[in-house]
There are 2 protein chains.
Amino acid sequence: MSSRREPTSRRDRPAKPALSRQWIVAAALGIMREEGLEKVTMRRLAQELDTGPASLYVYVANTAALHAAVLDALLGDVDLSGDDEGGDGDWREQLRAVLRSYTLVLFAYPQLARSALVARPSGENYLRLVERVLVLLSRGGAGREQAAWGVDTLLQSATATAAEQATRERDPAATDEWNATVQALGAASEAVHPAISAYMPALVAGSPEERFRWGFDVLVNGILATPAPDASA
Amino acid sequence: MSSRREPTSRRDRPAKPALSRQWIVAAALGIMREEGLEKVTMRRLAQELDTGPASLYVYVANTAALHAAVLDALLGDVDLSGDDEGGDGDWREQLRAVLRSYTLVLFAYPQLARSALVARPSGENYLRLVERVLVLLSRGGAGREQAAWGVDTLLQSATATAAEQATRERDPAATDEWNATVQALGAASEAVHPAISAYMPALVAGSPEERFRWGFDVLVNGILATPAPDASA
DNA sequence: ACCTGAACACCGTTCAAGT
DNA sequence: ACCTGAACACCGTTCAAGT
């Protein structure tokens with residue numbers, strides 16, 4: 001019972017694999033899937049990897065970078081459908097599918113969507129996504145600036161939708177915030193806030209699906225209809 | 001030197017005013033203005049108010065609620081210009097002005113904008129803002145659902161713009177993230193990501209002002225041009 | 001170069017006890 | 001009802017020292 005190492009037996013922990021950025025991110029993903037993003041901390045992660053927190057700083061600059069790396073890893077699940085074969089006519093449907101897939105991936109991890117809103121990722125999977133959206137937008141007739149700025153707007157909007165709707169359904173505590181907003185809107189007196197009062201059912205109505213679809217169309221229609229500043233002036 | 005209370009002299013601290021939600025939020029605002037949102041913690045705030053953290057929980061549910069209250073207080077600075085007198089023709093300019101004012105207020109406190117992205121406020125000033133945007137949108141010809149969902153989209157987009165652009169300019173550490181993204185985009189090889197490579201200058205170009213204006217027009221154009229789901233089907 | 005122990009300087013939240 | 005002290009259970013990050 002006092003043996004220090006058993007080279008053959010007892011391999012419950014596979015002999016502590018060497019640290020590496022890849023391995024660290026994989027462990028972080030595991031913790032997130034099982035315990036949520038809020039448990040993906042330097043300390044908890046170090047514990048999981050059987051080392052001290054200080055060791056992680058060789059591979060990861062800080063906690064924000066760690067979360068960004070986890071997000072990028074997850075972005076590998078986004079379906080970029082039909083990655084290259086043409087079919088020019090249905091660019092809009094393809095773009096919608098890509099963004100829906102992106103939204104669904106984020107839906108699975110609301111907290112990650114929240115953090116993506118605030119810290120854009122920069123990994124390989126993110127680049128692939130941006131590339132794909134750019135191609136589809138330009139296929140749809142968007143100009144240079146329209147496509148470039150459009151990517152940003154579309155991804156941001158999809159991220160925000162995921163963060164909000166997903167939170168609203170799952171997160172135990174954050175539901176309170178949404179309830180507070182709904183309640184505040186509902187309680188708005190007709191005298192002080194007539195418009196809110198008049199629009200009230202609609203203000204909080206709509207399934208995630210409906211909101212997503214409408215939001216997508218609003219943006220695509222708007223992007224194609226709105227020229228970039230220097231284009232004409 | 002051992003006196004317990006001096007009723008007349010030494011009023012550096014004005015005799016510890018009674019706790020109240022209002023007073024707590026005011027103190028929180030002060031800390032934010034002087035030290036940044038990240039210092040607006042229950043413990044720091046309690047210290048400022050000369051009490052223990054536990055005492056604050058009588059008035060504020062948790063830290064998120066505290067931040068939301070601070071945001072709402074700040075929203076009082078948003079210029080709702082011309083609050084009621086007609087001038088129907090220029091609804092678009094008025095709406096633009098309101099959203100610009102909103103963005104500017106958030107610009108002053110990037111971190112707060114970040115947190116607003118994630119936790120919608122629900123206070124009186126927020127309601128006033130929603131009310132105003134609703135009125136202007138419907139004056140512009142938006143239908144019921146268009147106006148209702150449009151408010152959400154417009155405010156979200158403005159918030160995100162503020163959070164991003166503001167952070168990019170001021171925040172010492174968060175600039176790294178943006179740099180990482182820019183660098184990743186710039187380093188995208190032409191072979192693997194031809195579109196990114198081709199669109200590259202445009203992807204990160206544009207002043208905050210230009211981006212804001214374009215984003216606003218995209219949304220307003222899109223909102224007015226896109227009917228709500230059940231409207232026709 | 002990589003890894004570590006230990007420390008520094010913090011957090012949010014709860015609870016039993018007081019007034 | 002409000003306020004408090006004290007505790008519980010955590011954090012991120014740095015640094016000198018080791019290998």
Side-chain angles (χ1 to χ4, degrees), chain A residues 4-5 13-28 31-32 34-70 111-112 114-115 118-119 171-177, chain B residues 4-5 13-28 31-32 34-70 111-112 114-115 118-119 171-177:
Chain A
R4 218 123 192 276
R5 262 220 256 167
R13 297 214 170 216
K16 195 182 177 183
L19 245 34
S20 75
R21 193 183 153 89
Q22 224 194 9
W23 188 254
I24 287 172
V25 173
I31 294 175
M32 190 189 62
E34 273 155 41
E35 306 171 40
L37 183 66
E38 73 273 17
K39 290 288 170 52
V40 181
T41 66
M42 291 302 211
R43 291 185 109 107
R44 174 77 185 76
L45 186 53
Q47 176 194 319
E48 191 74 15
L49 292 168
D50 210 6
T51 181
S55 308
L56 304 179
Y57 283 83
V58 176
Y59 303 95
V60 178
N62 51 46
T63 307
L66 175 64
H67 288 179
V70 169
Q111 300 145 317
L112 202 55
R114 280 174 168 238
S115 96
V118 132
D171 198 327
T175 309
D176 297 349
E177 282 164 23
Chain B
R4 213 116 197 280
R5 262 220 257 170
R13 297 216 170 215
K16 196 182 176 184
L19 245 35
S20 75
R21 193 182 155 90
Q22 227 195 6
W23 188 253
I24 287 172
V25 172
I31 294 175
M32 189 188 64
E34 273 155 41
E35 307 172 38
L37 183 66
E38 73 273 18
K39 290 288 171 52
V40 181
T41 66
M42 290 304 212
R43 291 183 109 107
R44 174 75 186 77
L45 186 54
Q47 177 194 316
E48 192 74 16
L49 293 167
D50 209 6
T51 180
S55 307
L56 304 179
Y57 284 82
V58 176
Y59 303 95
V60 178
N62 51 45
T63 306
L66 175 63
H67 288 179
V70 169
Q111 300 146 315
L112 201 56
R114 280 175 171 239
S115 97
V118 131
D171 199 326
T175 310
D176 297 351
E177 282 164 23

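The chains referred to below are lettered A, B, ... by the order of the sequence lines, with proteins before strands, and numbering in each begins at 1.
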Using Watson-Crick and G-U wobble pairs with both distances under 3.5 Å, what is the 5'-to-3' dot-bracket string of DNA chain C, with [ ] for crossing pairs and | for pairs outside the strand? ||.|||||...|||||.||
Distance check needed: C:dC3 C1' versus A:L49 CG, whole Å only. 13 Å
Residues B:Y57, B:M42; criterion side chain to side chain contact (heavy atoms under 4.5 Å, CB included); working and verdict: CA-CA 9 Å; B:Y57 284 82; B:M42 290 304 212; 3.7 Å; yes
Take the protein atom CG of A:L56 and the nucleotide atom C1' of C:dG5, then report the distance between them rounded to whole Å. 14 Å
Using atom names, set out every protein N or O paired with an N or O of nucleotides 8-15 of chain C below 3.5 Å, distance rounded to 0.1 Å.
from: C:dC11; atom 1: OP1; to: B:T41; atom 2: OG1; distance (Å): 3.3
from: C:dC11; atom 1: N4; to: B:R43; atom 2: NH1; distance (Å): 3.4
from: C:dG12; atom 1: OP1; to: B:M42; atom 2: N; distance (Å): 3.2
from: C:dG12; atom 1: OP2; to: B:M42; atom 2: N; distance (Å): 3.3
from: C:dG12; atom 1: OP2; to: B:R43; atom 2: N; distance (Å): 3.3
from: C:dG12; atom 1: N7; to: B:R43; atom 2: NH1; distance (Å): 2.6
from: C:dG12; atom 1: O6; to: B:R43; atom 2: NH1; distance (Å): 2.6
from: C:dT13; atom 1: OP2; to: B:Y57; atom 2: OH; distance (Å): 2.9
from: C:dT13; atom 1: OP2; to: B:T63; atom 2: N; distance (Å): 3.2
from: C:dT13; atom 1: OP2; to: B:T63; atom 2: OG1; distance (Å): 3.3
from: C:dT13; atom 1: O5'; to: B:Y57; atom 2: OH; distance (Å): 3.3

What's the CD1-C1' distance between B:I24 and D:dC2, to the nearest Å? 11 Å
Interatomic distance, B:D50 CG vs D:dC3 P [rounded to whole Å]: 13 Å
OG of B:S115 to CD of B:E38: how many Å apart, nearest 0.5 Å? 12.0 Å
Between CD1 of A:I24 and CG of A:L49, what distance do you get to the nearest 0.5 Å? 6.5 Å
CE (B:M32) and NE2 (B:H67) are apart, to the nearest 0.5 Å, by 9.5 Å
Does A:Q22 CD have over 12 foreign heavy atoms under 6.0 Å away? no
Looking only at atom C1', what distance separates C:dC2 and D:dA17, rounded to whole Å? 13 Å
Distance check: side-chain N/O of B:T51 vs OP1/OP2 of D:dT4, anything under 4.0 Å? yes
Under the side chain to side chain contact (heavy atoms under 4.5 Å, CB included) criterion, do B:L112 and B:V70 qualify, and how do the steps go? CA-CA 9 Å; B:L112 201 56; B:V70 169; 4.2 Å; yes
Distance col, row A:L66:CG vs A:T41:OG1, nearest 0.5 angstrom, shows 9.0 Å
Interatomic distance, CG@B:L56 vs OG1@B:T51, rounded to 0.5 Å, equals 6.5 Å
Heavy atoms from C-beta onward define the side chain here; which of C:dT4, D:dC2, C:dC3 lies closest to that of A:Y59? C:dC3
Lys/Arg-Asp/Glu bridge criterion (N-O < 4.0 Å) met for A:K39, A:E34: no
P spacing across the pair C:dC10 / D:dA9, given as an integer number of angstrom: 23 Å
